[in-house]
Amino acid sequence: MLIIAGAGSGKTRALTYRIAHMVHERKIPPDSILAVTFTNKAAGEMKERIAKLVGPLGRKLWVGTFHAICARILRADGEAIGVPPNFVIFNDSDQRALIKQALSVLDIDAKEYKPADIHFAISAAKNELMSPQEYRRGRRGPFDEVVQRVYGRYQSGLRANAALDFDDLLMRTEQLLREQKGVLAKYHERIKYILVDEFQDINHAQNEFVRLLGQKHQNVCVVGDDDQSIYGWRGANIGLILDFERRYKDAKVIKLEQNYRSTQKILECAYEIIKHNEDRRDKKLWTQNRPGDNLVQYEAVDAEQEAEWVAETIRTQVNCQLATYGEYAILYRTNAMSRVFEEGLMTYRIPYEVVGGIRFYERAVIRDFIAYLRVLYNSADGVSLRRIINVPARGIGDKTVSHIDRLADANGLTMHETLAVAAKDENLQKRARSAIADFAEILASLREKRESLTLTEFCRAVAEDTGYLRALENSDNADDAIKAENLKEFVSLAQRFEQVHEQSDLGAFLEHIALLSDLDQAQEIDSKVSLMTLHSAKGLEFPIVFMVGLEENVFPHQRSMGDKHELAEERRLCYVGITRAQHMLYLTHAYRRTIFGAPQNMKPSRFLSDLPDELIDRQVDLSNLMSSSVLGDEGERAEMEIGGRKIDMTQLLSRVQENGAKARERSTALPEEPEEKPKREAGKSREARRKRAEAAAKRAGQRKRKAVEAAPQSVSEVTYKSGERVKHTKFGEGIVVQVKGEGSNAELTIAFATQGVKRLLADVAPIEKV
DNA sequence: GGTTATGGATTTTTT
DNA sequence: ATCCATAACC
């Protein structure tokens, strides 16, 4: 069965009710049902909802992500194709390290062939189930040649480390099921019903996995929406959802087109965006919900103002009890954009939660510690060993390490085994030898302890015996204190894992953290504004949504420019964002944004101009006019172009009061008294939060100082600020839109109601404030 | 061998 | 603006 389910049409509900029906009405044993999702979040949610419907029986269901399920299959049966049962899972940075190693072995310049690009190519090949040998079919460039060689080397590197990468989990499972008929038969026996969520995001390897598992019983039910396919860059192939009908000849196709989530106006806008895409199944969602309010578009001068406006809007609404913080989401295109919004929210003391982004597990300390655990779990893992061989510094530097490398190569041993050899090698300095011996001793004693200790105790022992924790605590580097805290936090995380999971040995724990990257999700997310990328927002809904940074080259992203398919994907991403909103949607953009530390002029996103005027209320903050790039030199009619729209100056003038009041409000809202640091939430990234809070406080301080400096030096001088109304003896009334310089030397740019825009000197021009 | 200074690249989205 | 790799210095 193929269920084409539009956004907000109750897709997860359809899946969970189907499962409940199968269990309750059809008396199908729950352990013969497999439900597959893409994200842990989705898997968790599904488990929860099924548990509610089905009760304790539901726990026997097999629910998980593709990767988690494959890992489980490979642990159980992978040995048949040479996958070691205690394999570790390499993440991005491990993979990158291995690729760099391969590049240096093959003597290829990492500057010419970027590891990231090669990684991407290898990953793509694996998603297409292509081996290194098959890689070059139909490709013949120097880059492809390099990729092929690195790919081969990389795979043997993985093997030598007893490791699999994310893509291997899929590729090797496919291989296992394809080659080992006995294994396949075993799983056919076990799994009779397969359900797949978000089928539009499926890639070739995953599709093959489903096909092999489902081919016997032909009972496969998939749910998806081609308009929400946003993972093409990861190998997802929309074609496969179409292929489904061909593959399963008597498949039923069901369309869910009623939306239960959003207002009519929001849906209308979503449709206006998506309808521009070609090659989509034409469908139009409808709803019985109320029409709702118009969407609001806000234009800011710069990203800071944009963030401030968002924060202010949220605070005002919450203060008026129109909503609670937990009902808001701020969605942006790239993670890098979260920061400016975090600062804005902090200034207004609004509690928030960043979903995704810099993760706990990606921090250097934590990765170091995990590397220790991995080495102790799987002694073949040389990548991890290399990472921690000199952490904390113990006198085994690069020179010594490459010597060990050579020894390992020469003797055909793992790096770990080579330690014993190296400790006796006369070619090494005595100091290095004893350092190596001490290190090997630490590892050996820890490995022994592993037998008798619980997971938590063992983690504690690793932190202490390796001297890592001590080194961090004794350091006088301020950052190290934070790192020590992190380490302890990690140990208590292990403790929590041990309490929650029945199977809580080291292997299970390592797998858990390898596959679950954002375990530190908020518990009390209900009371906080959620910040996340548009990608992470897929599958979620929020009463009030801010889509921010709607600017060309940000969204649609620069890298998608010029490619029709990628632009179509950006458009789908926009569609996904809009359809997250239940009651209200705000769309914001800024004319200036700092990218890579350099301020850039930005243009409003093309997506904004696709929205129908009558559904959008545009809020143009007058200080936009400060941006001279948007000033037009209009004549008598005194029209100006702002954001591609003609604005009548008289209208503009009528807004002056409002804006002036707002500006005054804003300047008083800004810290008069020293900024009291926003309440911090316990839990994830406490110190990251602290750092950011400090940065924000600093900024606020600077801003304040600036304000003081800008104040008139002498009372006799008249100073002008943008947004103020002035009267010129000849030109009549106008608004100051830009002030260059200070005091009487200032050059003012003034927009006059009848005479257009003029540049005047403050102390010469015959003007006075109105 | 360890620590600090400097220059260059870097940011799409995720299991 | 910040992270990372390499070079210079202790």
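Note on naming: letters A, B, ... go to the chains in the order of the sequence lines (proteins, then strands), and numbering restarts at 1 for each one.
Put simply, CG on L331(A) is 14 Å from P on dT13(B), counting in whole angstrom units. Whole-Å rounding puts the N127(A) CG to dT14(B) P distance at 16 Å. For the pair F120(A) CZ and dT10(B) P, the interatomic distance rounds to 16 Å; values are reported in whole Å. Whole-Å rounding puts the M337(A) CE to dT13(B) C1' distance at 13 Å. Atom CZ of R339(A) is separated from atom C1' of dC3(C) by 12 Å (rounded to the nearest Å). The distance between atom OH of Y231(A) and atom P of dT14(B), rounded to the nearest whole Å, is 6 Å. One can place CG of D563(A) at 15 Å from C1' of dT13(B), the figure rounded to the nearest angstrom. What separates CZ of F38(A) from P of dT14(B) is a distance of 15 Å, to the nearest Å.
Comparing dT13(B), dT15(B), dA5(C) by their closest approach to the side chain of T39(A) singles out dT15(B). Of the candidate nucleotides dA5(C), dT14(B), dT12(B), dT12(B) has the atom nearest to the side chain of T334(A). Listed nucleotides dT10(B), dT13(B), dT15(B) differ in distance to T533(A); the shortest reach to its side chain belongs to dT13(B). In the set dG1(B), dG2(B), dT13(B), the nucleotide with an atom closest to the side chain of N390(A) is dG2(B).
Contact annotation for D167(A): no contact, since no heavy-atom pair falls under 4.0 Å across all strands. Across all strands shown, S560(A) has no heavy atoms under 4.0 Å from either base or sugar-phosphate atoms. Here K114(A) lies in heavy-atom contact (under 4.0 Å) with sugar-phosphate atoms only. Residue contacts for T594(A): at a heavy-atom cut-off of 4.0 Å it reaches no nucleic acid atom on any strand shown.
Note on K538(A): every side-chain N or O is 4.0 Å or more away from OP1 and OP2 of dT14(B). In this model, the phosphate group of dT14(B) is approached by a side-chain N or O of N335(A) to a distance below 4.0 Å at OP1 or OP2.
A cation-pi contact, defined as under 6.0 Å to the ring centre and within 45° of the axis, is absent between R571(A) and F607(A).
Of the two residues near DNA chain B, Q95(A) and E570(A), the one whose nearest nucleotide lies more 5' is E570(A). When each of T65(A) and Q429(A) is assigned the nucleotide of DNA chain B with its nearest heavy atom, Q429(A) is the one assigned upstream, toward the 5' end.
At a cut-off of 3.5 angstrom, the base of dT13(B) holds at least one donor-acceptor pair with the side chain of R333(A). Not a single donor-acceptor contact under 3.5 angstrom links the side-chain atoms of H557(A) to the base of dT12(B).
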Salt bridge (charged side-chain N to carboxylate O under 4.0 Å, His left out) between D226(A) and R572(A): does it pass, once the steps are laid out?
-> CA-CA 9 Å; D226(A) 49 337; R572(A) 290 193 295 271; over 6 Å; no

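The shortest distance between side-chain heavy atoms of I513(A) and F490(A) falls below 4.5 Å. No side-chain heavy atom of D94(A) sits less than 4.5 Å from a side-chain heavy atom of R387(A).
With salt bridges taken as basic N to acidic carboxylate O contacts below 4.0 Å, none links R394(A) and D438(A).
Distance noted for atom P between dC4(C) and dT13(B): 15 Å (whole Å).
Stacking of the aromatic ring of W233(A) onto the base of dT13(B) is found: the ring centres lie under 5.5 Å apart and the planes are inclined by under 30°.
Within the 3.5 Å criterion, the main-chain N or O of D381(A) finds no donor-acceptor partner in the side chain of S384(A).
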